[in-house]
Amino acid sequence: MQVKTQNTHHEDILDEIKDGLKKSPKRLPTKLFYDEKGSQLFDKICELDEYYPTRTELKILDDNIEEITSYFGDDCVLVELGSGSSVKIRLLIDHLPTLAAYVPIDISSEHLLYSNKCLKADHTGLNIYPLVADYTKQFALPKINKKYKNIDAFYPGSTIGNFTPEKARSFLKRIANTCGKNSGLLIGVDLKKEKSILDAAYNDSKGITAEFNLNILNHINALVSADFDINKFSHRAFFNEDVGRIEMHLISQENQEINIADKVISFAKDENILTEYSYKYSLQDFNKLVEGIYDVEKIWVDDNRLFSVQFLRAI
Ligand code: AVJ
């Protein structure tokens with residue numbers, strides 16, 4: 001299996017971190033949650049009672065898989081944006097018997113290689129073209145040495161919610177461009193709902209989300225030789241109803257100075273660092289968001305209308 005790498009440069013990451021910490025309020029790149037420990041913690045989050053998105057999305061996929069895969073058409077190339085969800089992708093692949101190729105894209109090469117080794121083991125004959133890339137930036141699809149009719153992407157987990165609406169639009173434009181006119185996009189979109197349900201989903205009683213949030217500092221320490229002490233920060237997450245998003249922050253517990261590569265950055269007591277947005281959409285909001293880029297061909301929701309899975313077609 002040949003693995004291609006694109007657009008992931010260490011220097012870029014250091015600049016992104018420093019730029020974010022120069023802003024007021026300070027912020028850190030959300031994608032840095034996912035080192036090995038962070039990915040493990042995220043898997044634990046997905047199992048929590050309070051965290052409904054993962055299990056709800058999986059149930060929607062499972063309950064409607066025949067209908068969902070009918071939108072993909074024969075001999076398609078399946079592109080997975082962020083390849084963390086092996087259960088969901090297996091479900092799709094198992095119901096796409098004429099699949100021409102599978103292109104998993106992930107920023108972590110270890111993650112990508114491991115999950116694809118597992119997949120390859122019980123899907124002999126499947127053409128896999130793994131691509132190590134930061135899919136939030138411009139990337140090119142690998143050359144597929146097989147005849148195919150259409151390209152369809154899969155973007156589960158409501159990860160689209162991590163972008164601001166403006167950035168989500170430019171991201172979707174880029175994906176539509178990269179995959180081409182008439183390409184499909186099967187996307188998971190978390191829905192607006194009662195604040196108490198949302199607040200609980202990001203403040204679980206076991207404190208796993210807090211651990212996940214704080215772990216970004218350990219990851220940065222290892223990545224760019226910084227000296228954050230996770231004991232001197234605390235987790236804060238809440239649903240901001242005015243703007244329709246969860247905000248996750250880390251709050252500095254004292255006045256402190258942190259070394260990051262060759263820079264020193266000061267934090268005041270109670271100062272916050274924004275680590276993540278997770279926007280929630282109504283079906284109408286989301287339709288508006290994709291307007292002019294994709295047509296919404298079909299929407300599936302669960303009985304409690306917590307989450308949606310949508311099939312979009314690039315215009
Ligand atoms: C997978 C990025 C969509 O925003 O709900 C879970 C990440 N953050 N708990 C989300 C997350 C805190 C998750 N996404």
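Reckoned from all heavy atoms, side chains included, excluding hydrogens, waters and symmetry mates. Note that ligands are numbered from 1 as they come in the structure, with each ligand's atoms numbered from 1 the same way. The shown structure was predicted, so the numbers you read here are calculated from the model rather than taken from an experiment.
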F286: which of L191, V189, D190 passes side chain to side chain contact (heavy atoms under 4.5 Å, CB included): V189
With sequence neighbours excluded, residues passing salt bridge (charged side-chain N to carboxylate O under 4.0 Å, His left out) with R169: none
Quick test: of every protein heavy atom, which one is nearest to [atom], and how far off is it to 0.1 Å?
| atom | result |
| --- | --- |
| atom 13 (C) of ligand 1 | Y51 OH, 3.3 Å |
| atom 1 (C) of ligand 1 | F42 CZ, 3.4 Å |
| atom 3 (C) of ligand 1 | G157 O, 3.0 Å |
| atom 8 (N) of ligand 1 | E276 OE1, 2.7 Å |
| atom 4 (O) of ligand 1 | S278 OG, 2.7 Å |

Quick one: does [X]'s side chain have a donor or acceptor within less than 3.5 Å of a partner on [Y]'s backbone?
| X | Y | answer |
| --- | --- | --- |
| E57 | F307 | no |
| D62 | L58 | no |
| T98 | D75 | yes |

Parallel, tilted or perpendicular: rings of F238 and H249 (30°, 60°): parallel
Aromatic plane relationship, F267 with F228 - under 30° parallel, 30 to 60° tilted, over 60° perpendicular: perpendicular
For the student: nearest non-hydrogen atoms of F233 and D229, plus distance: CD1-O, 3.5 Å
E297/R313 salt bridge by N-O under 4.0 Å criterion: yes
Element-labelled atoms of ligand 1 that are located less than 4.0 Å from some non-hydrogen atom of Y34: 2 (C), 7 (C)
Sub-4.0 Å atoms of ligand 1 with respect to non-hydrogen atoms of S158: 3 (C)
Would you check whether [X] reaches within less than 4.0 Å of ligand 1, judged by its heavy atoms?
| X | result |
| --- | --- |
| G161 | no |
| F33 | no |
| Y279 | no |
| P53 | no |

From the candidates T54, N162, L48, the one that places a heavy atom nearest atom 2 (C) of ligand 1: N162
Ligand 1 to Y202 polar contact by distance, N or O atoms, under 3.5 Å: yes
